[in-house]
Amino acid sequence: MKNNKFWQNKKPQDYTTEEWESICTHCGKCCLIKLQDEENDEVFYTNVICKYFDCEKHLCSEYSQRCTLVPECLKLNPQNINQIPWIPETCAYYILAQTGSLPAWHPLVSGKPLPAEFKIPQNTISENLVSEEELEDHILEDYDNE
């Protein structure tokens, strides 16, 4: 697909599937396991990531089947992007929905790979290595949803 800055000329609901998918930067933040406080609904990120996320390639190894293999996996679309309380503020879909534009650091704009500061934390580990009971021990205390 040639880079024609389609996001400047179309509404997200009018994007082709290829255009919509190209907005994703593959940062991995939405694939981090999150815990929600039952009393106040506060969401906490952990450094534990879905077992299907390939941290080296920054891609889901089962992307086409992700929602079947992981029923909690949420497929983002123009209709639900503003309704997800845990979506990272640096998510390109979120930024696009809020501002109508992509940030300067986005690969479609900059022509460069995603900067490291927008990717998942360095100490991320697979959910295969952490029991459900241990998840609270992996909460990212200083993680600010960015």
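In what follows, every heavy atom counts, from backbone to side chain, and hydrogens, waters and symmetry copies are set aside.
Side-chain atoms of Q36 come within 3.5 Å of backbone atoms of D41 as a donor-acceptor pair (strictly under, hydrogens ignored). With hydrogens and angles ignored, the 3.5 Å screen pairs no side-chain donor or acceptor of Y15 with any backbone N or O of E21. A donor-acceptor contact shorter than 3.5 Å links the side chain of T46 to the backbone of I33. With H58 contributing its side chain and G28 its backbone, the two residues share no donor-acceptor pair below 3.5 Å. Between the side chain of S126 and the backbone N or O of K51 there is no donor-acceptor pair closer than 3.5 Å. With hydrogens and angles ignored, the 3.5 Å screen pairs no side-chain donor or acceptor of K75 with any backbone N or O of C73.
Here the closest non-hydrogen pair linking C30 and W86 is CB-CZ3, 3.7 Å. Annotation for S22 and E19: closest pair OG-O, 2.7 Å, computed over non-hydrogen atoms. The shortest heavy-atom contact between A97 and N82 is CB-OD1, 3.7 Å. Here the closest non-hydrogen pair linking N47 and N123 is ND2-O, 3.0 Å. For F53 against C31, the heavy-atom pair with the smallest separation is CD1-SG, 3.8 Å.
The environment of CD in Q79 is crowded: more than 12 heavy-atom neighbours from other residues, nucleotides or ligands sit within 6.0 Å. Remark: E132 CD is loosely packed, at most 12 non-hydrogen atoms of other residues, nucleotides or ligands lying under 6.0 Å away.
Shown here are the side chain to side chain contact (heavy atoms under 4.5 Å, CB included) partners of K112, two or more places apart in sequence or in another chain: S110.
Just one residue in the list T90, I49, I87 forms a side chain to side chain contact (heavy atoms under 4.5 Å, CB included) with K29, and that residue is T90.
Residues Y94 and L96 fall within the same hydrophobic cluster, defined by Ile, Leu, Val, Met, Phe, Trp and Tyr side chains chained together at heavy-atom separations under 4.5 Å. Note: the hydrophobic cluster containing V130 also contains I139 (ILVMFWY, side chain heavy atoms under 4.5 Å, direct or indirect links).
For the atom pair N128 CG and Y52 OH, the distance stands at 8.5 Å (nearest 0.5 Å). Between N77 atom CG and T17 atom OG1 the span is 11.5 Å, to the nearest 0.5 Å.
Ring centroids of W20 and Y93 are separated by less than 6.0 Å, placing the two rings close together.
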Show your reasoning for whether side-chain contact (heavy atoms from CB on, under 4.5 Å) applies to I84 and L76. CA-CA 9 Å; I84 304 167; L76 301 177; 3.2 Å; yes
Test L102 against Q8 for side-chain contact (heavy atoms from CB on, under 4.5 Å), laying out the working first. CA-CA 9 Å; L102 292 176; Q8 294 177 339; over 6 Å; no
Worked verdict on F118 versus T25 for side-chain contact (heavy atoms from CB on, under 4.5 Å): CA-CA 9 Å; F118 295 105; T25 62; over 6 Å; no
Could you go through the side-chain contact (heavy atoms from CB on, under 4.5 Å) check for H138 and I125 one step at a time? CA-CA 10 Å; H138 290 271; I125 58 175; 3.5 Å; yes
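A donor-acceptor pair shorter than 3.5 Å cannot be found between the side chains of Q65 and T68.
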